[in-house]
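Let me begin by presenting the structure, written as structure tokens, before commenting on it.
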Amino acid sequence: MNLKKLPRHGILFILSAPSGAGKSTLRAGLQCDQDFAYSVSCTTRAPRPGEADGVDYHFISREEFERRIAAGEFLEYAQVHNNYYGTLKSEVLDVVRSGGDVLVDIDTQGAAKIRASSDAEIRAALVDVFLMPEHMDVLRARLAKRGTETPEQIALRLHNAEIEMRDWRLYQYALVTTTPEEDLAGFRAIMRSERSRSSRLLFNPIA
Ligand code: 5GP
């Protein structure tokens, strides 16, 4: 079998989900895949146990984040749960422009900003996926079970989840969460289909 990668336009995959929908599990499963780059965001929130700087996030101070905003380093940024989160241009643009794929895990505000990008190349590269429960009750149950947040934090996350859920129809794909295995298979199927779009291919088999 010929494993040579055929030339095509790169894809910017956006993955969004409300808290508790299973996005971290899906992302962890996807990180085993070697066929795309994962964009590491900057955040001003403190690392959770087990999170590593430069792997899960670039953990930076508010001052440093604001310096980077002023320097135009972000493709998008937003305030989520009272902290800044942002996607660095350096994590995304070169890879996509050279025909590679990048996955960004961002909230609905960030996805809206990238959709509204003035850069036609970015808009053409964009494939946005919303991982969501069949019903909000699934989120309530999962968040309560997780046990990593205080009751106040859970209440804030649920409130934000309800707001984020309102945007589900703005995404090209809505992936309804079932099991981690199914979610992973579903996301990989989307990636595979998008990579086969004729508009992305930069070779001509009949030339
Ligand atoms: P967490 O603190 O649980 O890691 O993430 C909270 C939320 O921030 C999630 O919805 C996540 O997708 C979002 N997020 C993470 N990185 C970024 C980013 O670079 N930009 C935006 N807009 N949201 C982000």
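By convention here, the first residue in the shown sequence is residue 1. Each ligand, and each atom within it, is numbered from 1 in the order the structure gives.
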Min N/O separation A17 to ligand 1 under 3.5 Å: no
Contact (N/O only, under 3.5 Å) between K23 and ligand 1: yes
Name of the residue among K113, E164, R166 meeting side chain to side chain donor-acceptor pair (under 3.5 Å) with T108: E164
[X] contact mode with ligand 1 (heavy-atom cut-off under 4.0 Å):
X	answer
R48	side chain
V80	side chain
E76	side chain
E91	neither

I need the atoms of ligand 1 closer than 4.0 Å to a non-hydrogen atom of [X], numbered in the order shown.
X	answer
R45	1 (P), 2 (O), 4 (O)
A78	22 (N)
D107	10 (O), 12 (O), 13 (C), 21 (C), 22 (N), 23 (N), 24 (C)
D105	11 (C), 12 (O), 14 (N), 15 (C), 16 (N), 17 (C), 24 (C)
G110	22 (N)
R157	2 (O), 3 (O)

In the protein, what heavy atom is nearest to [atom], and what distance, to one decimal place, separates them?
atom	result
atom 19 (O) of ligand 1	S41 OG, 2.7 Å
atom 6 (C) of ligand 1	Y85 OH, 3.7 Å
atom 4 (O) of ligand 1	Y57 OH, 2.5 Å

Output field: ring centroids Y173/Y171 closer than 6.0 Å: no
Y84 versus R45, side-chain donor and acceptor atoms under 3.5 Å: no
N83 and T43: side chain donor to acceptor below 3.5 Å: no
Should [X] and [Y] count as side-chain neighbours, where that means a heavy-atom distance under 4.5 Å?
X	Y	answer
Y85	S41	no
V40	D56	no
T87	F74	no

Single-linkage hydrophobic cluster M165~L158, side-chain heavy atoms < 4.5 angstrom: no
Verdict with reasoning, E91 to H58, per side chain to side chain donor-acceptor pair (under 3.5 Å): CA-CA 11 Å; E91 296 270 336; H58 301 291; 3.1 Å; yes
Pair R97 + E121, salt bridge at N-O below 4.0 Å: yes
